[in-house]
There are 2 protein chains.
Amino acid sequence: MTKAELISIGDEILLGSTINTNASWLGEKLTEIGIKVWQVTTISDSREHILNALREAENRADLIVITGGLGPTKDDITKDTLCEYFNTELVKDEEVLTRIEQYFKNRDRGMLESNIRQAFLPKGCTVIPNLHGTASGMWFEKNKKVFVSIPGVPYEMKAITENHLLRMFTSHFKTDVIVNKMVMTQGIGESFLAELISDWEDKLRNDGFGLAYLPNPGVVKLRISKSGDNRMEIENQIDSRIADLKKIVPEYIYAEEEKSIQAAIHEVLSTKSVTLATAESCTGGYLAHLITQNPGSSVYFKGAVVAYSNDIKISQLGVNPELIENHGAVSREVVEAMAVGVCSRLGADYGLATSGISGPDGGSEEKPVGTVWIAVATPQGVSSSLFHMGHHRGRNIEKSAKAALDMLRKSIV
Amino acid sequence: MTKAELISIGDEILLGSTINTNASWLGEKLTEIGIKVWQVTTISDSREHILNALREAENRADLIVITGGLGPTKDDITKDTLCEYFNTELVKDEEVLTRIEQYFKNRDRGMLESNIRQAFLPKGCTVIPNLHGTASGMWFEKNKKVFVSIPGVPYEMKAITENHLLRMFTSHFKTDVIVNKMVMTQGIGESFLAELISDWEDKLRNDGFGLAYLPNPGVVKLRISKSGDNRMEIENQIDSRIADLKKIVPEYIYAEEEKSIQAAIHEVLSTKSVTLATAESCTGGYLAHLITQNPGSSVYFKGAVVAYSNDIKISQLGVNPELIENHGAVSREVVEAMAVGVCSRLGADYGLATSGISGPDGGSEEKPVGTVWIAVATPQGVSSSLFHMGHHRGRNIEKSAKAALDMLRKSIV
């Protein structure tokens, strides 16, 4: 399998002021065409550091993709260093010069000396045109390894890759096909899920598939992958393994592609003529926020009452004060009354309610921080569940909201 | 200057499904304490790859920080490999075992075999406690180099770094004093701010200070830094520059330390005996969510009405239907009625209301996507402002909520 190493040049990435999204974008694209990204190396734009990174990468990978270090204010070091590494020299490329001149003419701006220097490129490299900027891409071959240097400005990098590089890579390296499929699970931690599906996983791995657990608060993504030469065949094989998986843990799987739980709910609700409202205590509006992240959610989402204080639960949701007095605000009785109340007050078919102790304060022996009651009211009735989240306020809010959405999903489908 | 290399372990980063935000967060923190991040290396979780990365990093850096590769389903390879590299073996750490047992007890969940294995740690390493998860951090020293291995789950990684590592690094490496101070601004874009303060910035740089613009949606952080040997003296110098800055752009500065705008509001409201409620259309609950992120916000936050549909604006907030008919839901008249209405319905002293078109649909020639009205009702009266955000739904919601909080801040102080 073809191995790639990405070299990202840029002090701003090392200092942390820029996140290296170029590497993840390229990682995804290369994976899709069956090239394995083996390492990502981020370095400063200094001659010595670039030379060293190139030397090491050449020993590890078949393809080295360098991003960044090009551009009118800083490309001298990178290009000079590439010349040194490939034992060549900069020569003026008339075609590139014409393109740069045209670039400035189109924008009605004057050209600087530094822009003219951008038309000087290493002799012997294949120039890859950049239609969105003035720094060209470069393709080198040495000892049967391919080295590509492209600018780090994200939209220039993406355009050069999509318009030229991906095709050049697949034809140069006759790559294998890799198929990745995602299965989204909710409501179970990574280690418990792994325990439940361990036999399935062992068999999967023995048969040459890959499996990755990708946990997020409240959600664990499973990525199943396999490489080979026939895409259709591999897709069918993976689908059949997913079908087996669904028999083992049906209740935890909410989607068979990469998707948030709110997006999964959105798809269901957009196609049904039903409406939804939320009554939120411990989630404090976050549940409504997740739902309204979806463009078009106004079709089914009526609104929310964030009832942070008990008097709002009584006045705005019609919760009987005796319930709060007898059972406490964090109780089955109150959360069910909230869910039913928000449906009737806001005129919604489905109501989701949360009441819990997010922390760090407010816990007691009987109801420690992390205790959360969630109710879902439907046209058929109301039901509720008790959860024990953790100690971290932000995560408790996030996990409670996702658990509520999952209860809604199960009660609608 | 102490040089650091960050090693990020994880196939999901190489495949591009996870963006390496850990590296940028660590890059920022290490820079702040005067350690230079010299290289970031991302590798797969395989023995051979980890060993090779450790060997190379040891030649380049004084400090090697490894993130990821730990966790109940995958820490075996990483820990075994660390043992091999440091020529040691795994031994049971009773203290860690007790902490893990407590962790599961608190959550009312059973422990698995894989969790017990997490209490086995390399003999001779200094264990760094992880209060938010079951994978401990490890500190090794070899040939005068420091190696640290910590889990890759972002909030565990951040807590371990902030609570333990940064202090351990500064005392071990006797770094130069670098003083960083943050100035938080709201309501002005990066390039406009740069234009307004360019003379101040030139003088600052000429006098040997550093300045970084760190933009987020709705907020631009300015980081002013200087290094030297006398912390107190440098702090005074920076404070005097900040005092100059405040004369130039007083209206945009909401804090002189790293702080979200909701945290700044929280400090003010917690000390005053006043209450707050929100009435949200386009922000969809996000404003309430930002406010309730603050532990203890229940002292002043009564709740919210998310009035996503017009009939909720009428029934739950008492907006006169004629106002909606005559001016549209996105108008000064309606948003002011919402702010006043939520105060009276929820019994709050201050009310914040938003009504706008977040997009991507719903815009018109007169009111394009990004048009947002925000009102603040106070005991003295109600006022409102019109904003033109952008085209991106998520950013519009975020910017609207922050603009609302900023209006509240100005009307309370």
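A, B, ... follow the sequence lines: proteins, then strands. Residue 1 opens every chain.
In this structure, chain A has no heavy atom under 4.5 Å from any part of Y213(B). With a threshold of 4.5 angstrom between heavy atoms, E32(B) does not approach chain A through any atom at all. For a residue to count as touching a neighbouring chain, one of its non-hydrogen atoms must lie under 4.5 Å from one of that chain's; by this rule S46(B) touches chain A with the side chain only. Contacts of D311(A) with chain B are made by side-chain atoms alone, with heavy-atom separations under 4.5 Å and no backbone atom involved. Contact annotation for D11(A): neither backbone nor side-chain heavy atoms come within less than 4.5 Å of a heavy atom of chain B. The contact between R60(A) and chain B is made entirely by side chain atoms (from C-beta outward), counting heavy-atom distances below 4.5 Å. For chain B, the nearby part of A307(A) is the backbone; its heavy atoms alone come within less than 4.5 Å. Within the 4.5 angstrom heavy-atom criterion, no atom of R223(B) approaches chain A. Of the atoms belonging to E280(A), not a single heavy atom falls under 4.5 Å from chain B. In this structure, chain A has a heavy atom under 4.5 Å from the backbone of N294(B), while its side chain stays farther away. In this structure, the portions of Q39(B) lying under 4.5 Å from any heavy atom of chain A include both its backbone and its side chain. Looking at A212(B), there are no atoms closer than 4.5 Å to chain A (heavy atoms on both sides), in backbone or side chain. With a threshold of 4.5 angstrom between heavy atoms, P295(A) approaches chain B through its backbone and through its side chain. Within the 4.5 angstrom heavy-atom criterion, no atom of N310(B) approaches chain A.
Chain B forms more heavy-atom pairs under 4.5 Å with one residue of K221(A), E195(A), E5(A) than with any other, namely E195(A). With respect to chain A, the highest number of heavy-atom pairs below 4.5 Å among T18(B), L6(B), I19(B), L15(B) belongs to L15(B). Ranked by non-hydrogen atom pairs under 4.5 Å with chain A, the options L290(B), V37(B), V40(B), L26(B) are led by V40(B). Options S298(A), G285(A), G362(A) differ in how many heavy-atom pairs under 4.5 Å they form with chain B, and the most are formed by G285(A). Heavy-atom pairs under 4.5 Å with chain A were tallied for R345(B), E28(B), Q293(B), E56(B); the largest tally goes to E56(B). Between chain B and the options L14(A), V369(A), L30(A), I43(A), the largest number of non-hydrogen pairs under 4.5 Å is found for L14(A). When each of S225(A), A4(A), G27(A) is scored by its heavy-atom pairs under 4.5 Å with chain B, the top score falls to G27(A). Between chain A and the residues I312(B), T31(B), I397(B), the largest count of heavy-atom pairs under 4.5 Å involves I312(B).
Heavy-atom neighbours of chain B within the stretch residues 351-361 of chain A, taken at a separation under 4.5 angstrom, comprise G359(A), P360(A).
Ring geometry for H289(A) against H289(B) counts as parallel: the plane angle stays under 30°, on a 0 to 90° scale with 60° as the upper cut. Ring geometry for H49(B) versus W38(A): interplanar angle under 30°, hence parallel rather than tilted (30 to 60°).
Atom CG of residue L211(A) and atom CD1 of residue I197(A) lie 6.0 Å apart, to the nearest 0.5 angstrom. Atom OG1 of residue T134(B) and atom CG of residue N115(B) lie 5.5 Å apart, to the nearest 0.5 angstrom. Here L287(B) contributes atom CG and E398(B) contributes atom CD; the two are 12.0 Å apart, rounded to the nearest 0.5 Å. Atom OG of S17(B) is separated from atom CD of E258(A) by 7.0 Å, given to the nearest 0.5 angstrom. Atoms CE and SG, from M389(A) and C282(A) in turn, are 8.0 Å apart once rounded to the nearest 0.5 Å.
Proximity of W25(B) to T161(B): side-chain heavy atoms (C-beta onward) are separated by under 4.5 Å at one or more points. Counting heavy atoms from C-beta on, the side chains of M182(A) and L222(A) never come closer than 4.5 Å. Inter-residue side-chain proximity for T292(B) and Y286(A) is flagged as unmet; no heavy-atom pair is nearer than 4.5 Å. Under the 4.5 Å side-chain criterion, counting only non-hydrogen atoms from C-beta, S281(A) is in contact with K313(A).
Residues passing the ring pair (Phe, Tyr, Trp, His ring centres under 6.0 Å) test with H391(A), sequence neighbours excluded: none.
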Note to self: Quick one, Y308(A) with K302(B), criterion side chain to side chain contact (heavy atoms under 4.5 Å, CB included). Give me CA distance, side-chain angles, the key distance, then yes/no.
What the structure shows: CA-CA 6 Å; Y308(A) 225 54; K302(B) 302 284 278 185; over 6 Å; no
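In terms of modelled atom types and a separation under 3.5 Å, the side chain of K367(A) and the main chain of V330(A) share a donor-acceptor contact.
Screening N20(B), T41(B), N22(B) for a side chain to side chain donor-acceptor pair (under 3.5 Å) involving S8(B) leaves a single residue, N20(B).
Side-chain polar atoms of Q102(B) and N106(B) form a donor-acceptor pair below 3.5 angstrom.
What you find for Q316(A) and V305(A) is that their closest heavy atoms are CB-CG1, 3.9 Å.
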